[in-house]
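Worksheet for the structure shown next.
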There are 2 protein chains.
Amino acid sequence: VRPLDGAAAEAARARQRELLKPPGSLGRLEDLAVWLASATGRAVPDVRARVVVAAADHGVAAEGVSAYPQEVTAQMLSAFAAGRAAVGVLAREVAADVVVVDAGVAGAAPAGVLRSGLRPARNLAREPALAPAAVDAALALGRRLAADAAAAGVTVLVGGEMGIANTTPATALAAWLTGGGSELCGRGTGVDDAGLRRKRAAVDRALALHRPQIGGPRDALARLGGGEIAVLCGLALGAGEQGLAYVCDGLIATAAAAVATAVEPRLRERLLAGHRSPEPAHGALLAHLGLDPVLDLGMRLGEGSGATAAVAILRLACALHRDMATFAEAGVAT
Amino acid sequence: VRPLDGAAAEAARARQRELLKPPGSLGRLEDLAVWLASATGRAVPDVRARVVVAAADHGVAAEGVSAYPQEVTAQMLSAFAAGRAAVGVLAREVAADVVVVDAGVAGAAPAGVLRSGLRPARNLAREPALAPAAVDAALALGRRLAADAAAAGVTVLVGGEMGIANTTPATALAAWLTGGGSELCGRGTGVDDAGLRRKRAAVDRALALHRPQIGGPRDALARLGGGEIAVLCGLALGAGEQGLAYVCDGLIATAAAAVATAVEPRLRERLLAGHRSPEPAHGALLAHLGLDPVLDLGMRLGEGSGATAAVAILRLACALHRDMATFAEAGVAT
């Protein structure tokens with residue numbers, strides 16, 4: 001993972017001190033501009049954002065942990081490709097492009113979707129979710145997508161995901177990372193009380209089965225993860241290696257970034273928490289990573305939607321940093 | 001004040017239920033779209049925003065309550081007119097236009113600034129800040145600016161302000177409205193400990209002098225207010241009368257909107273709190289009005305900057321509401 005650029009950060013801080021405002025009065029917007037400067041190595045950074053939406057299916061759906069049937073994952077791929085899902089709308093508003101990846105969806109992927117050859121994850125409550133070779137392939141794909149983004153001039157990567165039942169593996173990973181248990185389960189897309197009980201039971205069973213044997217982050221991904229989570233883990237690692245900034249979305253994407261940070265602790269400083277979702281496991285992961293979310297709007301859709309909304313704020317921060325007059329330019333007394 | 005349109009709100013809620021996402025999963029973004037629908041009377045509302053920046057000077061600056069000299073107010077008018085202050089940059093990013101008003105700045109206003117004929121406020125710690133006729137003129141000007149905005153097709157009004165020392169009158173008004181005292185004082189643009197003590201003393205003195213005699217909201221504006229606060233109070237009232245949505249910025253603009261709501265309680269439902277500033281009096285006003293801010297980014301610049309940043313989120317909410325596919329359009333199982 002490439003270290004932050006301290007000289008660019010200092011130059012950005014110096015510019016902030018000269019801008020036409022009391023020091024610190026733009027609050028987090030000042031910090032965001034300085035952070036992006038340090039991540040990109042430019043004192044006046046550009047926000048050129050790309051959202052990678054990885055979708056996959058999960059055998060644990062058979063445990064009755066989601067409010068929606070598994071077919072929805074494949075159906076959503078078409079909406080992503082057409083730009084008509086939430087993340088596509090948000091991406092247009094913040095001038096981000098979107099790459100959609102089939103990271104193991106049951107059924108054939110439509111045109112406009114990158115195919116990975118990955119298969120749906122198996123039921124983590126009964127067996128390891130992914131073969132080690134599948135994890136390696138997913139990580140490599142994520143890294144390749146980050147390299148493609150860097151080559152295209154992207155400065156800010158967002159990882160988004162979709163996959164019926166995928167808050168269950170993400171919660172299991174969060175429990176492994178933070179030492180928690182099934183109390184971290186939330187309602188995901190909106191399961192009822194009975195569904196929440198089934199979800200907790202599935203996480204309990206998965207943790208009892210796998211936790212004692214997990215050998216490290218890559219093994220945790222294999223036992224408790226899923227295709228989209230592994231791709232996003234590789235994407236976050238690749239963002240770090242390519243010198244990009246990476247904006248975390250909700251529970252699933254943040255779990256993937258947290259696993260990546262377990263592999264490469266220096267990745268942490270390239271992460272921005274886009275938003276806070278109401279999922280308890282997301283809160284636990286944000287605390288574990290020490291990240292303070294930009295937005296807190298009760299969003300819990302995934303797709304990268306909360307992180308992409310936060311890119312709007314990052315754009316404002318960088319526009320202020322770039323376009324405001326200095327005290328000297330404005331002829332204002334300091 | 002025009003009541004909200006219940007039919008438009010219901011139509012917007014029905015549309016939200018059909019959009020391609022689990023119900024409620026976009027959180028506050030769903031509420032914002034429904035609220036703007038109800039405020040504008042359109043099931044699929046447009047965000048066409050205008051920021052009115054009113055600037056004025058304050059005799060209470062003589063009490064040493066600000067970190068900056070009074071000359072800065074006049075100097076900032078040129079930066080506002082040139083679009084190089086923070087609010088101008090933010091407004092461009094959210095496609096809002098900006099109207100700059102001299103609501104009583106000491107010195108001549110530059111080109112591009114609307115003149116009001118108002119004089120700087122007197123020192124509220126020693127005497128009433130404004131003559132009753134000046135309050136009436138300022139309120140009328142604010143209402144006229146709201147009518148102009150409505151005629152131009154604006155749907156969302158933002159009130160911004162600038163005026164060295166103006167957190168002092170705004171805090172005094174907040175204290176009057178909420179029954180508090182000088183413990184509501186914050187550091188404004190960044191006064192040191194001695195300046196904060198002087199500010200508290202000025203607010204104590206103003207409250208002791210005026211509070212027993214205040215006859216109502218208009219009288220409170222006269223005794224404790226200032227030109228920009230009175231213009232923004234009229235602007236908020238005018239927004240309500242014209243059927244616009246109104247986004248509150250930080251302490252000063254929210255104090256003005258709170259006085260307007262004391263005059264017309266139904267205005268409350270047309271107000272959106274754009275952000276939460278660290279000023280204690282702002283928190284007290286938000287609680288008094290029962291408003292939950294969209295953003296909490298530690299901004300404390302004024303100018304309408306926090307509210308204009310929140311317009312970016314309102315735009316995302318309305319883009320999702322307008323552009324997302326429905327479940328039926330996407331052929332996704334519900």
Side-chain angles (χ1 to χ4, degrees), chain A residues 19-32 67-69 71-72 75-76 78-79 82-86 88-90 92-94 188-190 275 277-278 294-303 305-306 308-309 312-313 315-316 319-320 322-325 329-334, chain B residues 19-32 67-69 71-72 75-76 78-79 82-86 88-90 92-94 188-190 275 277-278 294-303 305-306 308-309 312-313 315-316 319-320 322-325 329-334:
Chain A
L19 294 180
L20 189 59
K21 59 183 172 57
S25 62
L26 287 171
R28 187 86 188 264
L29 297 180
E30 300 185 10
D31 303 334
L32 288 173
Y68 289 84
E71 298 76 65
V72 170
Q75 292 165 345
M76 287 298 297
S78 299
R84 298 287 313 276
V89 175
L90 293 168
R92 273 194 297 283
E93 293 292 311
V94 303
T189 50
H275 81 125
S277 99
V294 174
L295 298 175
D296 187 356
L297 298 171
M299 297 172 72
R300 52 180 173 81
L301 176 61
E303 302 184 2
S305 57
T308 307
I313 301 299
R315 286 175 62 88
L316 296 182
L320 289 161
R322 180 186 68 226
D323 294 341
M324 277 180 73
E329 286 167 354
V332 172
T334 54
Chain B
L19 295 179
L20 188 58
K21 59 184 171 54
S25 63
L26 287 171
R28 186 86 188 264
L29 297 180
E30 300 185 10
D31 303 335
L32 288 172
Y68 289 83
E71 297 78 64
V72 170
Q75 292 165 344
M76 286 299 296
S78 299
R84 298 285 315 275
V89 175
L90 292 168
R92 273 195 296 283
E93 292 292 312
V94 303
T189 50
H275 81 125
S277 99
V294 174
L295 298 175
D296 187 357
L297 298 172
M299 297 172 72
R300 52 179 173 79
L301 176 60
E303 302 184 3
S305 57
T308 306
I313 301 298
R315 286 175 61 89
L316 296 182
L320 289 162
R322 180 186 68 226
D323 295 341
M324 277 180 73
E329 286 167 353
V332 171
T334 53

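Below, read A as the first sequence line, B as the second, and so on, with proteins coming before strands; counting in each chain starts at 1.
Residues passing the side chain to side chain donor-acceptor pair (under 3.5 Å) test with B:Arg84, sequence neighbours excluded: A:Glu329.
Contact tally against chain A (heavy-atom pairs below 4.5 Å) for B:Val72, B:Thr308, B:Val94, B:Leu90: the top residue is B:Leu90. Between chain A and the options B:Arg315, B:Glu71, B:Arg300, B:Glu303, the largest number of non-hydrogen pairs under 4.5 Å is found for B:Arg300. In terms of heavy-atom pairs under 4.5 angstrom with chain A, the leader among B:Ala82, B:Ser277, B:Gly24 is B:Gly24. Your options are B:Gly306, B:Ala330, B:Ala319, B:Gly302, and the one with the most heavy-atom pairs under 4.5 Å with chain A is B:Ala319. No other option in A:Gly27, A:Gly83, A:Gly88 has as many heavy-atom pairs under 4.5 Å with chain B as A:Gly27. Chain B forms the most heavy-atom pairs under 4.5 Å with one residue out of A:Val89, A:Val294, A:Leu32, and that residue is A:Val89.
Going from atom NZ of B:Lys21 over to atom CE of A:Met76 covers 11.5 Å, rounded to the nearest 0.5 Å. For the atom pair CG of B:Leu295 and CD1 of A:Ile313, the computed distance is 5.0 Å after rounding to the nearest 0.5 Å. To the nearest 0.5 Å, atom CE of residue B:Met324 and atom OG of residue A:Ser305 are 9.0 Å apart.
In this structure, A:Ala79 and B:Leu20 approach most closely via the heavy-atom pair CB-CD2, 3.4 Å. Minimum heavy-atom separation, A:Pro22 to B:Tyr68: CA-OH, 3.2 Å. Nearest approach of B:Asp323 to A:Arg92, heavy atoms of both residues: CB-NH2, 4.3 Å. Across every non-hydrogen atom of A:Leu316 and B:Glu93, the tightest pair is CD2-CB, 3.5 Å. Taking both residues in full, the closest heavy atoms of A:Leu26 and B:Ala86 are given as CD2-CB, 4.5 Å, listed atom of the first, atom of the second, then distance.
Heavy atoms closer than 4.5 Å to chain B are found in both the backbone and the side chain of A:Thr189. If you measure heavy-atom distances from A:Pro23 to chain B, the contacts under 4.5 Å come from both the backbone and the side chain. When heavy atoms are compared at a cutoff of 4.5 Å, A:Ala312 approaches chain B solely by way of its side chain, counted from C-beta outward.
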Handout entry: Derivation and outcome, side chain to side chain contact (heavy atoms under 4.5 Å, CB included), residues B:Asp296 and A:Asp296
Key = CA-CA 8 Å; B:Asp296 187 357; A:Asp296 187 356; over 6 Å; no

